[in-house]
Chemist: 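First the structure, then my questions, so here it is.
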Amino acid sequence: MASCPMPLAPPPAPAATATASQRYCRTKFSGVISAAVSLSQLKQVHAQILKSPSLNHHFLQLLLSSLSFPSYALSLISYLPHHYSPTFHLTNKIINHLSRSSDNRNAILFFQAMLRKDFPIDRFSFPPMIKTASKARALDEGRMFHALAAKLGYDSDPFVETALMGMYGACGLISDARFLFDAMSHKDIVAWNIMIDGYCQSQLFDDALALLEEMKSGVEPDERIFTTILSGCARFKKLDIGKSVHELISRSGTVLDSQLQTALVNMYANSGAMDLAQTLYDKMKIKNVVASTVMITGHSRHGDIGAARLVFDEMVDKDLVCWSAMISCYAESDHPQEALKIFDQMQQNGIKPDQVTMLSVISACAHLGALHRAKQIHETVVRKEFGRALPINNALIDMYAKCGSLHDASEVFIRMHHKNVISWSSMINAFAVHGDAANALKHFTLMKLENVEPNWITFVGVLYACSHAGLVVEGQKAFESMVEEYRITPKLEHYGCLVDLYGRANHIRKALQIVETMPMAPNVVIWGSLMGACWIHGEFDLGVYAAKQVLELDPSHDGAHIFLSNAYAKERWWESVGGLRGLMRQRGIVKERGCSAIEVGDRIHEFLTGDRRHERADEIYAKLYQVVEKVKQVGYSPNTGGVLIDVDEDEKEAVVIGHSEKLALCYGLIEKGEEGCIRIIKNLRICEDCHKFVKLASGVFKREIVIRDRSRFHRFGGDGSCSCGDFW
């Protein structure tokens, strides 16, 4: 049971005039209260008051100082005797402070406790209380404040009326807000603005524009009114209405101040009209931080990273929000290293990150897959005191999993005091991508025992784990449980996992049956999964059919073209191969080149197939030939079956030996000496030859090697085995 503050000691009997020494002590203790900023310090002050009855009159000051901790302040007020009654001024000071708190629910509970303790309230007390109910969408409490205001005769006060309108609008009762608006004896610009904003937030833009026309007969719309409507248009991407408002502004001769210009830029950018947003932005004489950040975000959404960076670089003053926007731009656009560089620059400029920034940084690091960098980011999280934030911990689990460290991901998970469905789903997915289906299913069971109900994302992780371990029966049961027990409607992702489950296990006809009977049209990923399974298991006729379905949906899909080319090559139909590859060149379709990356120290080294660009290329290739000779002694023979080009066997063997992951591995063996795990990231699925090569090399050199390919992790344990069990 949580401990509650002890009741106050009874007040001391009135004494004669206080001595100078007593007055000094009271003044000094008042300073002690003012200096108390942490919860523990406030509790120490409270203990002193309980020990010394002469300090009881400081209780209200303590109460005021504790408002930054609403739950503690709430417990204090519960024990406040009735004879400790503050003035109207102090009551309103408390109410105003709490109304600015982010803890709206506890603030409302505090207001209710104040009323029970007969704190004096006046008309100035109600607007902040009602606005707090508005922020919390607390309709019942808002109605209670309305009733009390009416009882005390304050409901006709214009400040109370406008606060009530805003509350009803925020709670979705726009007709109630309009009733109050129509009943107002005098409507100032604030009242019109709140009513129009209510319509915009309810997406009733026709009503908002009609009210704007009605307003013109008595009150001239100003910049605030137009900004309100434009903000609503931006939020709900109402480009046509936004353009109409822009035309109205131009016709009315309203001066385009900085705020209104920013609202227009924001409306166009959020509505996808970046050309119009850029034109307006270019015309701004003083480009404020808000407008610049909007442009960065807008360009980022449209994939124009260069334009976003140009805006960012031209900014003179940068705040945390714009730094975060630029980091997010790179993190979400497949440029994780640039995101981390911007983060480093931000810190060098003395800007402290917030939780939003750290989530983008963690995401970038996860995408990069660099464990050394991931640990640095985790240290920053701890140093900046984000370590207890639930979203941060969930993101750290995902980051460590994608950086190849199941151990670190599990450590974060175990240390979490509170876990939600995202935490469990992240951990299950971590085990899944590492091929540890047993632990994925174990955690799925534990999650249910902890009464955390799985969601659709959880089941994607469970099905993924089953498909990559060949657990067909378990996968089928999980799918049935999702539908029948949890009433979750399967999405494309679930059907994709099911097709993959059957396809990998060589149940090709079952996979095809799922594709043909699923309630929604299969997408490129699902047809591609079937196509890949057909290639692995030699079902070339069905594979060709699946490849053609992929091309129906995405004519420039390189994988489907390569599949058809390879299928023709297996049949030695070289003329058809040449024709297809000529068509690819004509359409500008290029096969994605294999690329592998390895982190050494603070640098990421990338290798392409047959790459000789590295500064130590000669040394790397010398090491490669040494490793090839050693693994040949334990059974390695280059598998050239996947090289489907019309060249002699020696050339095919040279192509296979020069694959990017082999080059990265040899560089890792050079740099990391005799000890330490070698971690490699591959942009494509690891081929059969490289998988066997690395597995044998792991055994020969007694080294742990972890490779993250396009779909999963392969952990070679140093004993010549792989975590995938050769099933991938």
Side-chain angles (χ1 to χ4, degrees), residues 92 95-96 99-100 104 108 111 121-139 141-236 238 241-242 244-245 248-249 252-255 257 259-260 262-263 267:
N92 289 330
I95 290 172
N96 278 304
S99 70
R100 294 190 291 271
N104 297 312
I108 289 171
F111 295 152
I121 55 174
D122 58 16
R123 64 189 182 93
F124 299 110
S125 310
F126 284 96
M129 289 197 297
I130 295 167
K131 286 174 184 175
T132 302
S134 178
K135 287 191 291 181
R137 303 292 190 269
L139 179 60
E141 289 80 358
R143 281 177 163 159
M144 183 196 76
F145 294 146
H146 187 178
L148 182 59
K151 179 181 177 182
L152 298 177
Y154 298 136
D155 58 330
S156 59
D157 180 90
F159 294 102
V160 175
E161 287 177 317
T162 52
L164 287 168
M165 281 168 49
M167 184 273 294
Y168 284 119
C171 293
L173 299 181
I174 196 66
S175 57
D176 289 37
R178 183 59 192 259
F179 178 81
L180 286 172
F181 177 77
D182 289 338
M184 290 180 74
S185 57
H186 172 70
K187 302 179 182 70
D188 61 8
I189 194 75
V190 175
W192 287 96
N193 193 35
I194 288 175
M195 193 65 237
I196 288 172
D197 183 49
Y199 279 132
C200 291
Q201 298 313 311
S202 300
Q203 299 191 58
L204 300 171
F205 288 95
D206 290 341
D207 291 303
L209 294 177
L211 192 61
L212 182 63
E213 286 300 317
E214 182 184 332
M215 175 186 181
K216 290 179 187 177
S217 61
V219 181
E220 189 64 32
D222 65 0
E223 296 83 359
R224 285 176 294 175
I225 297 289
F226 291 125
T227 299
T228 294
I229 302 175
L230 290 169
S231 297
C233 292
R235 180 180 176 187
F236 297 109
K238 297 291 184 179
I241 293 171
S244 299
V245 174
L248 184 60
I249 292 168
S252 69
T254 303
V255 176
D257 63 6
Q259 186 177 2
L260 193 49
T262 301
M267 183 274 294

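When a residue number appears, it is its place in the shown sequence, counting from 1. Every value quoted in this text rests on a predicted model; they were computed, and no experiment measured them.
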Chemist: Under 4.5 Å between any side-chain heavy atoms of E214 and W192, yes or no?
Modeler: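 Yes. Closest side-chain heavy atoms under 4.5 Å.
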Chemist: Distance from L204 atom CG to L209 atom CG, nearest 0.5 Å?
Modeler: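 Going from the CG atom of L204 to the CG atom of L209 covers 11.0 Å.
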Chemist: Find the distance between CZ (F126) and CD1 (I121) and round it off to the nearest 0.5 Å.
Modeler: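 Answer for the CZ-CD1 pair, F126 versus I121, is 4.0 Å.
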Chemist: Can you name the side-chain contact (heavy atoms from CB on, under 4.5 Å) partners of M144, sequence neighbours left out?
Modeler: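 With sequence neighbours excluded, M144 shows a side-chain contact (heavy atoms from CB on, under 4.5 Å) to Q112, L115, given in chain and number order.
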Chemist: Take atom CD in Q259; do more than 12 heavy atoms of anything else shown fall under 6.0 Å from it?
Modeler: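 Count not over threshold, so no.
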Chemist: D157: what forms a side-chain contact (heavy atoms from CB on, under 4.5 Å) with it, not counting sequence neighbours?
Modeler: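 Testing D157 for side-chain contact (heavy atoms from CB on, under 4.5 Å), a comparison that skips the adjacent residues, returns R123, F159, V160.
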Chemist: With no hydrogens and no angle check, is any side-chain donor or acceptor of K135 less than 3.5 Å from a backbone partner on S99?
Modeler: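 Confirmed, K135 side chain pairs with S99 backbone.
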Chemist: Mind checking what makes salt bridge (Lys or Arg N to Asp or Glu O under 4.0 Å) contact with D206, not counting sequence neighbours?
Modeler: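 So D206 forms no salt bridge (Lys or Arg N to Asp or Glu O under 4.0 Å) with any residue.
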Chemist: Taking only residues two or more places apart in sequence or in another chain, which ones pass salt bridge (Lys or Arg N to Asp or Glu O under 4.0 Å) with D122?
Modeler: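 D122 satisfies salt bridge (Lys or Arg N to Asp or Glu O under 4.0 Å) with no other residue.
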Chemist: Mind checking what makes ring pair (Phe, Tyr, Trp, His ring centres under 6.0 Å) contact with F124, not counting sequence neighbours?
Modeler: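 Listed in chain order: nothing, the list is empty.
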Chemist: Compile the donor-acceptor pairs under 3.5 Å between side chains in residues 148-155 and protein atoms, sequence neighbours left out, one pair per line.
Modeler:
none

Chemist: Looking at every non-hydrogen atom in both residues, tell me the closest pair between I196 and M215 and how far apart they are.
Modeler: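 Smallest heavy-atom distance, with atoms named: CD1-SD, 4.4 Å.
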Chemist: Testing the basics here: between L260 and T254, what is the closest heavy-atom pair and its distance to 0.1 Å?
Modeler: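 Nearest heavy atoms, L260 then T254: CD2-CG2, 4.1 Å.
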Chemist: If we only count heavy atoms from C-beta on, is the L212 to L248 side-chain gap below 4.5 Å?
Modeler: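 Contact flag for L212/L248 side chains = yes.
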Chemist: Would you call L139 and M167 a side-chain contact if the rule is heavy atoms closer than 4.5 Å?
Modeler: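 L139 reaches M167 side chain to side chain.
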Chemist: Quick one: salt bridge (Lys or Arg N to Asp or Glu O under 4.0 Å) partners of E141, sequence neighbours excluded?
Modeler: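 Salt bridge (Lys or Arg N to Asp or Glu O under 4.0 Å) check on E141 returns R105.
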Chemist: Please report the closest heavy-atom contact between G169 and I174, naming both atoms and the distance.
Modeler: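 The answer is CA-CD1, 4.4 Å.
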Chemist: Could you work out, with side-chain hydrogen bond (donor to acceptor under 3.5 Å, both in side chains) as the rule, every residue matching R235, not counting sequence neighbours?
Modeler: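 Partners of R235 under the side-chain hydrogen bond (donor to acceptor under 3.5 Å, both in side chains) test: Q201.
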Chemist: Please name the pair of heavy atoms, one in I108 and one in A136, separated by the smallest distance, quoted to 0.1 Å.
Modeler: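 Distance-wise, the nearest heavy atoms are CD1-CB, 4.0 Å.
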Chemist: Is R178 close to L211 at the side-chain level, that is, under 4.5 Å between some pair of heavy atoms?
Modeler: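 With C-beta onward as the side chain, the pair touches.
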Chemist: Would you say D197 and T228 are linked by a side-chain donor-acceptor pair, where the criterion is simply a distance under 3.5 Å?
Modeler: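 Looking only at side-chain atoms, D197 and T228 do not form any donor-acceptor pair under 3.5 Å.
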Chemist: Check whether any side-chain N or O of S134 sits under 3.5 Å from a backbone N or O of I130 as a donor-acceptor pair, and report yes or no.
Modeler: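 Checked: no pair found.
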Chemist: Distance alone, cut at 3.5 Å: any donor-acceptor contact between the side chains of S125 and N92?
Modeler: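 Side-chain D/A pair, S125 to N92: present.
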Chemist: Please name all residues satisfying side-chain contact (heavy atoms from CB on, under 4.5 Å) with S244, sequence neighbours left out, ordered by chain then number.
Modeler: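 With sequence neighbours excluded, S244 shows a side-chain contact (heavy atoms from CB on, under 4.5 Å) to no residue whatsoever.
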Chemist: Output all residues satisfying side-chain contact (heavy atoms from CB on, under 4.5 Å) with F205, sequence neighbours left out; order by chain, then residue number.
Modeler: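 Checked F205 against side-chain contact (heavy atoms from CB on, under 4.5 Å); matches are C200, Q203, C233, F236, K238, I241.
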Chemist: How about L180 and M195: do any of their side-chain heavy atoms sit closer than 4.5 Å?
Modeler: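 When only atoms from C-beta onward are counted, M195 and L180 do not touch, as no gap falls below 4.5 Å.
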Chemist: Does the side chain of L230 come within less than 4.5 Å of I249's, by heavy atoms?
Modeler: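 In short, these two side chains touch, coming nearer than 4.5 Å.
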Chemist: Residues in salt bridge (Lys or Arg N to Asp or Glu O under 4.0 Å) with R224, at least two apart?
Modeler: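 Salt bridge (Lys or Arg N to Asp or Glu O under 4.0 Å) list for R224, sorted by chain: D222.
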Chemist: What residues, two or more places apart in sequence or in another chain, satisfy ring pair (Phe, Tyr, Trp, His ring centres under 6.0 Å) together with Y168?
Modeler: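 Partners of Y168 under the ring pair (Phe, Tyr, Trp, His ring centres under 6.0 Å) test: H146.
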Chemist: Rounded to the nearest 0.5 Å, what separates atom CZ in R100 from atom NZ in K131?
Modeler: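 The NZ atom of K131 is 11.5 Å from CZ of R100, to the nearest 0.5 Å.
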Chemist: Show the nearest heavy-atom pair for residues M165 and A177, with the distance to one decimal.
Modeler: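 Minimum heavy-atom contact is O-CB, 3.5 Å.
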Chemist: To check you understand the geometry: which heavy-atom pair defines the closest contact between N104 and T132, and what is its length?
Modeler: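 Closest heavy-atom pair between N104 and T132: O-CG2, 3.8 Å.
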